[in-house]
Amino acid sequence: MGSGRQQVWQHRDRRLAPGLLLLWLLALILALIGLGGVPLVDWDEGIVARVALETSRSPWPERLWPTYWGEPYLNKPPAIHLLIAASIQLWHQLSPAASAAELPPEWVLRIGPALLSSLIVPLLGLIQWRLRPGERRTALASAAIALTLMPLARHGHRVMLDGTQLVAIALVWWALLGSMGGWRRILLWGTLAGLAGSALLLLKAPTALPVLGTALALRALERDLRPRQWLLLALALVAGLVPGLAWHLGHWLVRGDDALQMWLGQGYARIGTAIEGHRDGPWTAALEMLEGGWPWLPCWPFGLALAWRARRSRAGLWCLGLTLAMSLMVLPLRTQLPWYTLLLWPPFALVCAPVLAWLLDRRHEDRPPGAGWLARLPRFWSLLGVVVVAAALISLLGMLPPLRPAATIALVFGSALMAGGWLLDRPVQRQRHWGGLVLVLGTWLALLLLLASPLWLWELHERWPVPRLAAVLTNQEAAEVRLWQEAERPSLNWYAGRRLRREDHLDLAPGQTILLLSLKQPQAPDLRCQALARETPLTLYRCGLVGGPLQSPPP
């Protein structure tokens with residue numbers, strides 16, 4: 001662990017900061033593109049938006065205990081909801097024409113999580129810098145890979161906490177990697193690690209324990225801290241955890257044993273239970289990795305082999321340890337959702353970065369295992385780029401309007417693969433550096449085009465859309481509306497401004513009527529229904545008992 005004992009600040013390179021700053025600015029551009037105009041989707045966006053809206057309307061300190069449609073919200077702590085609530089309040093202050101009841105636009109809800117999520121790009125560069133002091137190109141490669149990973153850019157755009165959670169996890173790693181040297185430094189970085197742990201406790205509490213436990217175990221395996229230093233680190237860590245622990249204690253005092261649902265019902269229960277029917281298992285994570293890891297996915301096995309060869313070094317230990325720990329946090333879950341695999345991407349970027357750096361320099365002393373095969377990787381990228389460009393041109397020339405936006409994005413990405421791969425295969429180092437730049441910037445541009453289009457949120461097409469349907473309900477404000485044999489849609493609730501619960505069986509009194517949204521005309525004994533408004537694919541019906549009155553549809 002000789003490199004782990006080195007003082008990182010002795011290896012500073014003044015050229016690293018401008019490079020990381022530039023990559024972060026590119027990440028900020030991605031974060032700000034395409035936030036508005038695309039409706040919220042189920043489940044998390046609709047729920048988080050509603051909780052944040054109610055939080056923004058609550059006084060202090062009641063807003064510390066979030067609600068969902070007036071009921072205690074026991075799913076997640078309030079950190080991201082407080083952030084979005086602040087955005088909503090600021091929007092109201094800057095938009096005096098907007099009424100208090102008006103829903104904020106989508107970009108107001110998404111901008112806070114998106115900006116915070118962009119911090120993962122420079123943070124991974126800084127973490128790599130501590131793992132490999134002095135290797136500036138590898139640190140920049142880590143940030144560049146994070147910048148161009150589609151899952152990080154896409155899910156960081158959503159009204160969710162997962163992108164911000166990644167930033168808090170990376171802060172834990174960065175801080176604990178810096179906890180070495182004198183007592184002041186240990187106290188400083190230990191406190192920062194504890195504050196990052198508090199952020200995890202206030203975002204998704206069950207992740208705090210494995211994240212902190214893994215990072216501390218890896219620090220212990222480095223064997224560079226004396227018992228007295230470990231005591232100082234523990235005291236600083238506990239001090240930083242106070243805000244997060246204090247909120248959970250307060251939550252338990254206010255809501256009693258129901259507060260434990262945040263840990264058990266929505267946390268550790270996902271390990272052995274398929275929540276809400278999501279039971280795909282580890283195949284979901286594997287498919288997400290295969291789908292979202294391009295163009296860097298072929299670097300991953302070479303990076304893991306390199307980390308294994310250097311497993312006694314700080315870089316090898318942490319890359320292997322973080323990959324294993326994050327995999328164990330994701331793969332065993334019975335409940336699998338696409339954004340759960342976000343935990344796998346930071347270790348992925350750290351593992352792949354030295355491989356990309358070697359492709360740029362080709363230094364003999366840094367040759368990874370299988371370097372002969374790795375040297376052919378740029379040719380594979382070029383060939384893949386030719387295939388992607390050909391498919392995109394066929395789609396564009398075929399004049400298929402629905403495919404045009406996707407074909408344009410594919411054309412840019414394929415061109416980056418083709419040109420970047422060709423340059424990376426050149427014998428001249430300067431040409432290879434240009435190839436890496438073309439590959440990174442071309443992939444970034446393709447992501448920019450994706451996020452600027454509605455295609456980035458493809459979950460919208462999984463079920464029927466809700467905004468136009470919600471507009472139908474504005475004329476029925478005083479009436480009770482239910483979903484007939486359809487699952488509740490949090491996004492529909494958000495746009496309709498009311499909670500529409502599922503109804504499977506009706507027990508109406510004589511003369512009582514109810515409004516039902518249904519894919520087909522509701523059928524039940526003694527039930528008579530009249531269509532009021534049709535909006536694909538659902539129709540709004542007014543229903544009552546046979547022989548009872550049915551009001552005429554509104555004009």
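Scope of the values below: all heavy atoms of this structure, side chains included, with no hydrogens, waters or symmetry mates.
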Rounded at 0.5 Å granularity, tell me how far [atom1] in [X] sits from [atom2] in [Y].
X: I29; Y: L445; atom1: CD1; atom2: CG; value: 11.0 Å
X: L124; Y: L166; atom1: CG; atom2: CG; value: 8.5 Å
X: I186; Y: M180; atom1: CD1; atom2: CE; value: 9.0 Å
X: T164; Y: L115; atom1: OG1; atom2: CG; value: 9.5 Å
X: L360; Y: R430; atom1: CG; atom2: CZ; value: 13.0 Å

Should the pair H81 and Y73 be assigned to parallel (<30°), tilted (30 to 60°) or perpendicular (>60°) ring geometry?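 H81 vs Y73 ring planes: perpendicular.
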Which label fits H251 and W247: parallel for a plane angle under 30°, tilted from 30 to 60°, or perpendicular past 60°?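 Judged by the thresholds at 30° and 60°, the geometry between H251 and W247 is parallel.
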Under 6.0 Å between the ring centres of W252 and H248?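 Aromatic pair excluded; centres sit 6.0 Å or further apart.
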Please check: side-chain N/O of [X] versus main-chain N/O of [Y], any donor-acceptor pairing under 3.5 Å?
X: S198; Y: G240; value: yes
X: R314; Y: L177; value: yes
X: R63; Y: L82; value: no

Does a side-chain heavy-atom distance below 4.5 Å link [X] with [Y]?
X: L26; Y: L441; value: yes
X: P347; Y: W173; value: yes
X: W308; Y: P369; value: no

Only counting residues at least two apart or in another chain, list the ones meeting side-chain contact (heavy atoms from CB on, under 4.5 Å) with L245.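 With neighbours one apart ignored, the set is L201, L241.
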Are R376 and D425 close enough for a salt bridge, meaning some N to O gap below 4.0 Å?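 Between D425 and R376 there is no salt bridge, as every charged N stays at least 4.0 Å from the carboxylate O atoms.
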Regarding R158 and D44, does a basic nitrogen lie under 4.0 Å from an acidic carboxylate oxygen?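 D44 and R158: not salt-bridged.
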Distance under 6.0 Å and angle within 45° of ring axis: R362 vs W358: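 So R362 does make the cation-pi contact.
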Only pairs under 3.5 Å count here: list side-chain donor-acceptor contacts from residues 140-154, not counting sequence neighbours, and write none if there are none.
unit_1 : atom_1 : unit_2 : atom_2 : d
S142   : OG     : Q128   : NE2    : 2.8
S142   : OG     : T138   : O      : 3.1
T148   : OG1    : A144   : O      : 2.9
T148   : OG1    : I145   : O      : 3.3
T148   : OG1    : W296   : NE1    : 2.8
R154   : NH1    : W456   : O      : 2.9
R154   : NH1    : E459   : OE1    : 3.0
R154   : NH1    : E459   : OE2    : 3.4
R154   : NH2    : E459   : OE2    : 2.9

Evaluate F348 against M326 for side-chain contact (heavy atoms from CB on, under 4.5 Å), listing each step before the verdict. CA-CA 10 Å; F348 176 90; M326 296 298 102; over 6 Å; no
I need the single residue from N75, L161, I80 that forms a side-chain contact (heavy atoms from CB on, under 4.5 Å) with V48. Which is it?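 So the option named by the test is I80.
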